[in-house]
Number of protein chains: 2
Amino acid sequence: MRTRPLKVALLGCGVVGSEVARIMTTHADDLAARIGAPVELAGVAVRRPSKVREGIDPALVTTDATALVKRGDIDVVVEVIGGIEPARTLITTAFEHGASVVSANKALLAQDGAALHAAADEADKDLYYEAAVAGAIPLIRPLRESLAGDKINRVMGIVNGTTNFILDKMDSTGAGYQEALDEATALGYAEADPTADVEGFDAAAKAAILAGIAFHSRVRLDDVYREGMTEVTAADFASAKNMGCTIKLLAICERAADGGSVTARVHPAMIPLTHPLASVRGAYNAVFVESDAAGQLMFYGPGAGGSPTASAVLGDLVAVCRNRLAGATGPGESAYAALPVSPMGEVVTRYHISLDVADKPGVLAQVATVFAEHGVSIDTVRQQGKDGEASLVVVTHRASDASLNGTVEALRNLDTVRGVASIMRVEGE
Amino acid sequence: MRTRPLKVALLGCGVVGSEVARIMTTHADDLAARIGAPVELAGVAVRRPSKVREGIDPALVTTDATALVKRGDIDVVVEVIGGIEPARTLITTAFEHGASVVSANKALLAQDGAALHAAADEADKDLYYEAAVAGAIPLIRPLRESLAGDKINRVMGIVNGTTNFILDKMDSTGAGYQEALDEATALGYAEADPTADVEGFDAAAKAAILAGIAFHSRVRLDDVYREGMTEVTAADFASAKNMGCTIKLLAICERAADGGSVTARVHPAMIPLTHPLASVRGAYNAVFVESDAAGQLMFYGPGAGGSPTASAVLGDLVAVCRNRLAGATGPGESAYAALPVSPMGEVVTRYHISLDVADKPGVLAQVATVFAEHGVSIDTVRQQGKDGEASLVVVTHRASDASLNGTVEALRNLDTVRGVASIMRVEGE
């Protein structure tokens, strides 16, 4: 084994960073054996240097992250600051000064992945980011390495633990959204401002990263259609149960049927209880992958948290260190397929639509005519009368999002339709 | 991109080999883009050259596998013959003549993994074998790369599709073992001679490979305790249901509580219905991994079949080809921890024991005394009387296999115990 240690600079020392530092210290011998050389924490960049950080030599702590990544003797920069800046500039500066980079930064990768990969290639260095998607679940490495000889057609996943906790709570207790959110907040599963989670921004960033890797194309955050889950109601869960389904916030990346384009989207959807994703409970994440040869695979585990994320960061750190010792780099960006991202209107799926309608003869015929005029084929209809009002629940066959939107707009203009109570996509069948 | 192709020799052209050849042809452009150079099928060694193989140039077919691996211009040998010989000699010969190797051979890896890795190291070549365990499920790469910075404590999996199909059928229909086996055979899920599957030999080979990788130690097939599932009865499933459990044939690799040794075993066991492995249906495989930092992960997918296995082989092929172009090798054997494998007697778990006993006062006291004398603590006891006979169902707290065996032997010697109807381990709690 080489005795000169590889030097690691840690940018950020919050929940994840402090756990990375802890494991680097407590498991130093194991890491050295697995890498073939010792690794040494050479510097830790933080915002508040006065904070006591157990187990970290205060002499290593600095507020000058830029100087740290410019030192020139750093082998690997571990970026766990998050956000776009200063993380982006620090990473590109690290490449320019000879370091490889391990990042957990989903927002940055989703927005500027191509530019960062280009900077890594230019410098002939590694950029690894397993921790950016689904925490500890090994996902990026399996997708870009294990399935490198296969053709992935769909990636569908629960990639946000906060929203899965809320939806699972609503499903199991019949609670409404607000009540379930309050519990998630009280238990620490949701942040004080839960917007990034419940509006699907976090999941959309992960969808962009997954779609890019799965389809060997560039998919940016802006390309991902996004709907949050704040409008999911207890009534929707009751409807889902009637269908033998539950509701999950899904990130779905698909290759179009003709293979010439891809789509990426995040929205709540009904999935059958028999689908492996339906049984993913609490704050767990899981990603379901469908490919030509492998068939259906699922990867399951904790999607967030200091330790799980640190596990993913350290797995990358070992790989990047091994690559440096071998004088090689691992697989970089693979975007050769360059498939365009189609707009949401071209996405084809099934829909569950609840309408409040007048309780009089002929309404169903009117409604069915509207569906037919827009080329949306109906699978089942259920009518329920209640005190002069009635509801119609329509489940469609597969139709494009554009056709469905046209249908709904026309339905709203019918005198006999009092309102569209809910529209929910049905996936995983 | 480099234009000179990498040359691949295929040893074996059965269900998996022919699918590997087919994908190499139909996805040639994708593979070339992902590798950075074209790959070319340079030879196919078969036993029956006269058989027509669609899509394979007959000029490539040979019966002389040895000559093929000795050619010297072969970059990667793909071994999908299976069995110990001639596969072992062909693989070591391939290394000696400059080729890297991708293998799907679980029996050989479980028996001679250390020697094969040594031969690969000696030749400075790669030995990859993702397809040897759980078919298409990316498992070996995640364990040895993604979790390389973590400490794995337990790997527990359903790694044989045939037996899972049979047990799932027994669970869902109440069928007995023979009836479920007959259906599995009729549907092609079980072979005419199902011994390797139902007696746990196949699963034991996979357990040996998984334990070695998870614990960075050498674990051979002989080190794996093995019990088949031919004696699991419909009554056992009824007992399991009473416990809120189902029964699976599990491969379990554990680090001892003191960290100083490991165990590996294959046997049927009850697991709670709430455990992610309980919902693995049909011929699917799944492996549950517990580690210090990542927590609980699960990998799920098809465990066998031509296409899924070919997907895993091709993922390895891409990785090995990329390594060759980079002039590097991937992670080899990691056995630095060199933990010894403890015998089955030291395994600690819980047990579900059904006893047929005389229906008279004092029997429970006698039985309880025997458990106490052997240091096995009882969790629950359920007595059921029926026509002068009675049954006692005892569920224990955690105890060593040796203590449990001593207990059972002593129970058999009690006059009031007519028989031990079943003993089943309880896992995953």
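Chain identifiers are assigned alphabetically (A, B, ...) following the order of the sequence lines, protein sequences preceding nucleic acid strands; residue numbering begins at 1 within each chain.
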Among A/Ala310, A/Ser307, A/Gly306, which residue forms the greatest number of heavy-atom pairs with chain B at distances under 4.5 Å?
A/Ser307
Roughly how far apart are A/Leu147 CG and B/Glu130 CD, rounded to 0.5 Å?
9.0 Å
Answer key: most heavy-atom pairs under 4.5 Å with chain A among B/Arg144, B/Arg281, B/Arg34, B/His216 is B/Arg34
Within this structure, what is the CD1-CD distance for the pair B/Ile137 and A/Gln296, rounded to the nearest 0.5 Å?
12.0 Å
Roughly how far, to the nearest 0.5 Å, is the OH atom of A/Tyr300 from the OH atom of B/Tyr300?
14.0 Å
Under 4.5 Å from any heavy atom of chain A - which part of B/Ala328:
side chain
Would you name the heavy atoms of A/Pro302 and B/Ala294 that are closest together and state the gap between them?
CG-O, 2.8 Å
Mind ranking A/Pro308, A/Ala136, A/Ser291, A/Gly305 by heavy-atom pairs under 4.5 Å with chain B and telling me who comes out on top?
A/Pro308
Please round to the nearest 0.5 Å and tell me the distance separating atom CG of A/Leu314 and atom NZ of B/Lys151.
14.5 Å
Heavy-atom pairs under 4.5 Å with chain B are the metric here; pick the option from A/Gly301, A/Ala326, A/Pro331, A/Ser334 that has the most.
A/Pro331
Looking at A/Ser146 and B/Arg141, what are the two nearest heavy atoms and their distance?
OG-NH1, 3.1 Å
Identify which part of B/Tyr284 has an atom lying under 4.5 Å from any heavy atom of chain A, answering side chain, backbone, both or neither.
side chain
Decide if atom CG of A/Asp29 counts as having more than 12 heavy atoms of other residues, nucleotides or ligands within a radius under 6.0 Å.
no
Which residues in residues 17-28 of chain B have a heavy atom less than 4.5 Å from any heavy atom of chain A?
B/Ile23, B/His27
Counting only non-hydrogen atoms closer than 4.5 Å, does B/Pro276 touch chain A with its backbone (N, CA, C, O), its side chain (CB onward), both, or neither?
side chain
Please flag which part of B/Glu145 lies under 4.5 Å from any non-hydrogen atom of chain A: side chain, backbone, both or neither.
both
Taking every heavy atom of A/Gly149 against every heavy atom of B/Leu31, the minimum-distance pair comes out as CA-CD2, 3.7 Å
Measure B/Tyr336 against the heavy atoms of chain A and call it side chain, backbone, both or neither at under 4.5 Å.
side chain
Between A/Pro138 and B/Leu297, what is the shortest heavy-atom contact and its length?
CD-CD1, 3.8 Å
Heavy-atom count around B/Tyr129 OH within 6.0 Å, excluding the residue itself: above 12?
yes
